Protein chains: 2
Amino acid sequence: MRTDDQRAAALGQVLELALLVNDDMTRSLGRDGLTPSRAHLLWELRGRGPSTQSVLAAALGVSPRNITGLVDGLVATGFVTREPHPTDRRATLVSFTDRGARTAAEFERGQLEFASVLFDGMPDRRFDGLVQGLADVLDRLRAAMATAEARS
Amino acid sequence: MRTDDQRAAALGQVLELALLVNDDMTRSLGRDGLTPSRAHLLWELRGRGPSTQSVLAAALGVSPRNITGLVDGLVATGFVTREPHPTDRRATLVSFTDRGARTAAEFERGQLEFASVLFDGMPDRRFDGLVQGLADVLDRLRAAMATAEARS
DNA sequence: TATTGTTATACTCTATAACTATA
DNA sequence: TATAGTTATAGAGTATAACAATA
């Protein structure tokens, strides 16, 4: 049987992992002149192609006002442009600049490198145990957050 | 041999875990009227007892100016007080109010509950595999961030 | 001269509410 | 009447730099 101590230690691992992953990501993005929120917008844009701000607001789960600010920042730093929407004169289309498209494409390369750091040379058995354990924990966490969401 | 796809999927799990843990924590703290940064300050205070702001700045790894703001917020919301330092008239001691001490003590209870959500009913073999995998990944991540730190 | 914490200034992320232009 | 995006306002976290009081 597992002791409370063992569970607390495992939780500590999970919390530290979340912290370190966050820090690593923030630093890496900072080297590209990006913040996590702006990078998230680029990521969504990469998956959707040119998008209106209201679509981006829904995708990121933030207010329209906030999207105005994020796009302002990304325009000022040369990652995206605002173009008139071809048929709806109320809307604007946010599109990549060359630099923005290049940067977003490199997110994938960055992820491969990060996967190397985390998993290269790890024995298969341990890797498999990790993957199964994470799948289980993620299921529990998703379920817990869904019920918390529903209750609110 | 592991494929790139398997590694990418495992990385996706790690990133999602970091995201969900962060969100869950932020929501839970919000219910107590706290932000992550303010909660972090309370956590350090709990481990150290009454502390000067400069000690807290070093503990949180943020600027002294930032600590002024965090303590301002925690004083305004009734979690801590500023007291004169008994021997150094430049410094102030940040101490818990009753409410702050109670809240910080409940962080531990909250962690036990969170551990329950993540691990209750998980087969021992899977739990052990998860713990070993996390230990390995954490070692790699700490090492990578330490060398990145040293290089900068 | 060095340290502690403040004020001054600035940038980012976030929100709600009011408003304009357009559908 | 509803939608898209803006301005207005506000709060929180973060930083550097200048400064006052004290060591």
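Everything numeric in this text was worked out from a predicted model, so none of it was measured.
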Distance in angstrom units between [X] [atom1] and [N] [atom2], rounded:
X       : N      : atom1 : atom2 : value
B/Leu60 : C/dG5  : CG    : P     : 13 Å
B/Asn22 : C/dT14 : CG    : P     : 12 Å
B/Asp72 : C/dT7  : CG    : P     : 8 Å
B/Arg65 : D/dA20 : CZ    : P     : 17 Å
A/Leu93 : D/dA4  : CG    : P     : 12 Å
A/Asn66 : C/dA15 : CG    : C1'   : 8 Å
A/Ile67 : D/dT3  : CD1   : C1'   : 16 Å
B/Gln53 : D/dA21 : CD    : C1'   : 15 Å

Among [options], which nucleotide has an atom closest to any side-chain atom of [X]?
X       : options               : value
A/Thr35 : C/dT4, C/dC13, D/dT14 : C/dC13
B/Ser63 : D/dA4, C/dT4, D/dA15  : D/dA15
A/Ala91 : C/dC13, D/dT6, D/dA4  : D/dA4
B/Asp88 : D/dT22, C/dT16, D/dG5 : D/dT22
B/Val62 : D/dA15, C/dT14, D/dT7 : D/dA15
B/Ser37 : C/dG5, D/dT16, D/dG13 : D/dG13

ask   = Between the side chain of B/Glu16 and the main-chain N/O of B/Gln13, is any donor-acceptor distance below 3.5 Å?
value =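 No, B/Glu16 side chain to B/Gln13 backbone: no donor-acceptor pair under 3.5 Å.
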
query = Hey, does the side chain of B/Ser51 reach the backbone of B/Gly49 with a donor-acceptor pair shorter than 3.5 angstrom?
reply =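 Checked: pair present.
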
key: Pair B/Asp72 + B/Arg82, salt bridge at N-O below 4.0 Å   =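 Answer for the salt bridge query: yes.
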
ask   = Do the side chain of A/Arg90 and the base of D/dT3 come within less than 3.5 angstrom through a donor-acceptor pair of N or O atoms?
value =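 Between D/dT3 and A/Arg90, which were checked side chain against base, a qualifying N/O pair under 3.5 Å is present.
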
task = Report the C-alpha separation of B/Arg27 and B/Asp23 in whole Å, then their side-chain angles, then the decisive distance to 0.1 Å, and conclude whether the salt bridge (Lys or Arg N to Asp or Glu O under 4.0 Å) test is met.
result = CA-CA 6 Å; B/Arg27 285 187 200 193; B/Asp23 280 7; 5.1 Å; no

ask   = Is atom CG of B/Asp139 surrounded by more than 12 heavy atoms (other residues, nucleotides or ligands) closer than 6.0 Å?
value =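 Yes, CG of B/Asp139 has more than 12 neighbouring heavy atoms, counting only those of other groups under 6.0 Å.
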
inquiry  = Which is more 5' along DNA chain C, the nucleotide nearest A/Pro64 or the one nearest A/Arg89? Just name the residue.
reply    =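 It is A/Pro64, whose closest nucleotide lies nearer the 5' terminus.
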
ask   = Toward the 5' end of DNA chain C, which comes first, B/Val55 or A/Arg38, by nearest nucleotide?
value =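 Its nearest nucleotide being more 5', the pick is B/Val55.
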
